[in-house]
Every structure is written in C-alpha cells, then in structure tokens.
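Structure first, commentary second.
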Amino acid sequence: MGVIDDQISSVNKGQREKIFYPSKWLDYYYDVTFITKNEYLRIILKEINYVEKINANIDIGNYDEVKKIIKKRSRDILYSIEDWNIFEIKSNLSCIKLGLKEAEAWKNNKEILDIINEIKSKLSRKIEKRIHDHVIKNGSTNLKDIKIYLVDFIMDEVEIEQIFNHRIATEALLEICIDFKENSKLINFVWGELSLKKQTQ
C-alpha cells in the first residue's frame, strides 16, 4: 500500500506511467485475516478502485481527470470517519507481519471522544442554524455537499490539537446531524439528506 501511495504522488507530480500493485494482494490479505482482529477489506478495495480509475484515465490520456481522482482520494482520506484510513491499515498490516500488536482505531481514544462530545455540546445549535439557513435557501441537501463548509466552521470555532482534527470534526458533525431526529424541531436527517421538518400547528 505504501508503494501505491508513492506512485500516486509521482503521478500527481506529472509522471504518466500507470500505477502498479501486486496482482495477488487479495491472497496476501486473506492470509493475514486469520491473525488480524480488524476488518480492513472495504477500505483496501476502495483504494484499489481509486488506482484502477487513475490507470483507466492514464490509458486514454485524460490527465485532468487523473488529477481530480487523486484530489478526491486525498480529501476522502483527510475527512474519513472510518476506524482506519489506508495509511493506518498499511501500518497495522506491517505490524502483523512483524508479529506486533495492531494499533487501536482512532475513535477508541478517550481524549478524542471527549473532544467530539465537547464540539457537540458547544456547536450543535450553531450547526443546526447554519444547516437550516442553507436548506431554506437551497432546498434539501445531502450532507456530503456541505460537509467541508461545516467542518471548516467547526475547526474555526474549536481548537483541535490532534493529528485527526479533520476526522474529529467530521465525526462530530455526523453525530450532531444524527441527533437532529430527536433533538431538532427544524431539521430532518435521513439517509444523508438534510431537509426541513414539517411544522405542526
């Protein structure tokens, strides 16, 4: 996986060679599933999917699209609220190979959970107001379409001294939105979609 990231970085800098990855990577992964206590396959498949999209566009010379795919991959990793991102999975698989203990998921850290709860306590109503204003103006909206705007707002309001700062803010935002079902009189959040609640007379 580290080799893949190095190659993606080179392509992003202008290299026009396709990205290579071991054809038998899945066999290797299944070999370690007997040892690992965690499930990494979905994130690995997502990474391979990015590589295949990049390679397909290199094949046809669509380098603008290659840049867009690489940018989306970087953004997905930065804002990921999965238990592990691809770099953490690479590290954990290396630990398994060396007979070392896998690192815990970042969200299992008590300090991080405390920060998430602090953000929810301080900013739930402000987030609700911003979403309400947006939906009034633009109609029902998928959270992913305004996620970066809201995460940036959270990070401006709360100083997060953690390497996971974007992920922490994204997780807090999702939890705030999930709580709208019970705690908001204004906003619904269903299957990722933000909409106005019907007001009863």
Side-chain angles (χ1 to χ4, degrees), residues 1-109 112 141-152 155 160 162-174 191-193:
M1 294 301 158
V3 174
I4 288 177
D5 190 60
D6 290 342
Q7 292 179 84
I8 289 175
S9 295
S10 296
V11 169
N12 200 37
K13 292 173 183 175
Q15 178 179 296
R16 298 190 172 186
E17 295 178 9
K18 290 171 66 174
I19 296 166
F20 165 81
Y21 61 92
S23 60
K24 294 187 177 181
W25 69 268
L26 191 57
D27 293 337
Y28 167 75
Y29 176 77
Y30 281 132
D31 285 343
V32 302
T33 56
F34 296 103
I35 305 170
T36 178
K37 62 180 182 178
N38 302 309
E39 174 55 58
Y40 302 129
L41 184 58
R42 189 164 56 85
I43 303 302
I44 295 174
L45 287 172
K46 188 174 183 180
E47 178 79 344
I48 297 299
N49 187 47
Y50 276 126
V51 170
E52 291 179 345
K53 285 181 178 178
I54 290 168
N55 284 345
N57 280 280
I58 288 175
D59 275 340
I60 61 175
N62 191 348
Y63 298 107
D64 287 341
E65 186 63 22
V66 168
K67 291 274 188 181
K68 289 178 183 177
I69 295 167
I70 293 174
K71 183 178 180 180
K72 183 178 187 306
R73 171 186 178 266
S74 298
R75 189 169 59 242
D76 284 351
I77 292 171
L78 183 65
Y79 291 90
S80 171
I81 57 172
E82 302 283 356
D83 286 342
W84 297 271
N85 64 28
I86 193 64
F87 302 120
E88 292 156 352
I89 290 172
K90 170 183 171 288
S91 176
N92 273 356
L93 292 177
S94 295
C95 286
I96 292 169
K97 187 176 180 181
L98 296 170
L100 302 175
K101 185 179 179 181
E102 297 164 77
E104 291 290 329
W106 67 280
K107 283 187 282 190
N108 290 346
N109 182 301
I112 288 175
T141 301
N142 196 289
L143 177 59
K144 68 182 181 181
D145 295 329
I146 55 172
K147 176 179 70 179
I148 293 175
Y149 156 68
L150 293 171
V151 166
D152 287 347
M155 292 176 63
I160 308 173
Q162 278 276 350
I163 59 170
F164 304 112
N165 53 0
H166 288 82
R167 295 165 82 181
I168 290 170
T170 304
E171 175 66 24
L173 172 62
L174 178 62
W191 297 107
E193 195 78 9

Within residues 10-22 or reaching into it, pairs that qualify as side chain to side chain donor-acceptor pair (under 3.5 Å) - sequence neighbours excluded:
Lys18-Asp59, Tyr21-Glu52
Are Ile54 and Val51 packed together at the side-chain level, in the sense that at least one heavy-atom pair is separated by less than 4.5 angstrom?
no
Ile19 and Asn55: which non-hydrogen atoms are nearest, and at how many Å?
N-OD1, 2.7 Å
Could you state the interatomic distance from CH2 (Trp106) to OG (Ser80), rounded to the nearest 0.5 Å?
7.5 Å
Taking the side chain as every heavy atom from C-beta outward, state whether Asp76 and Lys46 have any atom pair closer than 4.5 Å.
yes
Run the salt bridge (charged side-chain N to carboxylate O under 4.0 Å, His left out) test against Arg42 and tell me which residues pass, sequence neighbours left out.
Glu82
Scan Arg73, Lys90, Lys53 and name whichever one has a salt bridge (Lys or Arg N to Asp or Glu O under 4.0 Å) with Glu47.
Arg73
Rounded to the nearest 0.5 angstrom, the CD1-CG distance for Ile44 and Leu93 is 5.5 Å
Looking at Lys68, I want to see if its NZ is surrounded by more than 12 non-hydrogen atoms of other residues, nucleotides or ligands under 6.0 Å.
no
Between Asn62 (side chain) and Asn57 (backbone), is there a donor-acceptor pair under 3.5 Å?
no
Is there a donor-acceptor pair closer than 3.5 Å between any side-chain N or O of Lys37 and the backbone N or O of Glu102?
no
Strictly below 4.0 Å, N to O, side chains only: are Lys72 and Glu65 in salt-bridge contact?
no
When rounded to the nearest 0.5 angstrom, what distance separates NZ in Lys144 from CG in Leu174?
14.0 Å
So Lys71 and Arg75, side chain to side chain contact (heavy atoms under 4.5 Å, CB included) or not? Walk me through it.
CA-CA 6 Å; Lys71 183 178 180 180; Arg75 189 169 59 242; 4.1 Å; yes
CG/Leu173 to CD1/Ile148 distance, rounded to the nearest 0.5 angstrom?
11.5 Å
Minimum heavy-atom distance Ile112-Phe164, with the two atoms named:
CD1-CD1, 3.5 Å
Would you say that Leu143 contacts Leu150 through its side chain, given a criterion of any heavy-atom pair below 4.5 Å between the two side chains?
yes
How long is the straight-line distance from OG1 of Thr170 back to CG of Asn165, given to the nearest 0.5 Å?
9.0 Å
Can you confirm whether Thr36 sits close enough to Asn92 that some side-chain heavy atom of one is under 4.5 Å from a side-chain heavy atom of the other?
no
I need the full list of ring pair (Phe, Tyr, Trp, His ring centres under 6.0 Å) pairs touching residues 36-86, with sequence neighbours left out, sorted by first then second residue.
Tyr40-Trp84, Tyr79-His166
Measure the spacing between CG of Asp5 and CD1 of Ile77 and express it to the nearest 0.5 Å.
7.0 Å
All heavy atoms of Asp83 vs all of Glu88, minimum pair found to be O-OE1, 3.9 Å
If you count heavy atoms of other groups shown closer than 6.0 angstrom to NZ of Lys107, is the number above 12?
yes
Over all atoms of both residues, closest heavy-atom pair of Met155 and Ala169
CG-CB, 4.0 Å
If every non-hydrogen atom of Arg167 is compared with every non-hydrogen atom of Asn85, which pair is closest and at what distance?
NH1-ND2, 3.3 Å
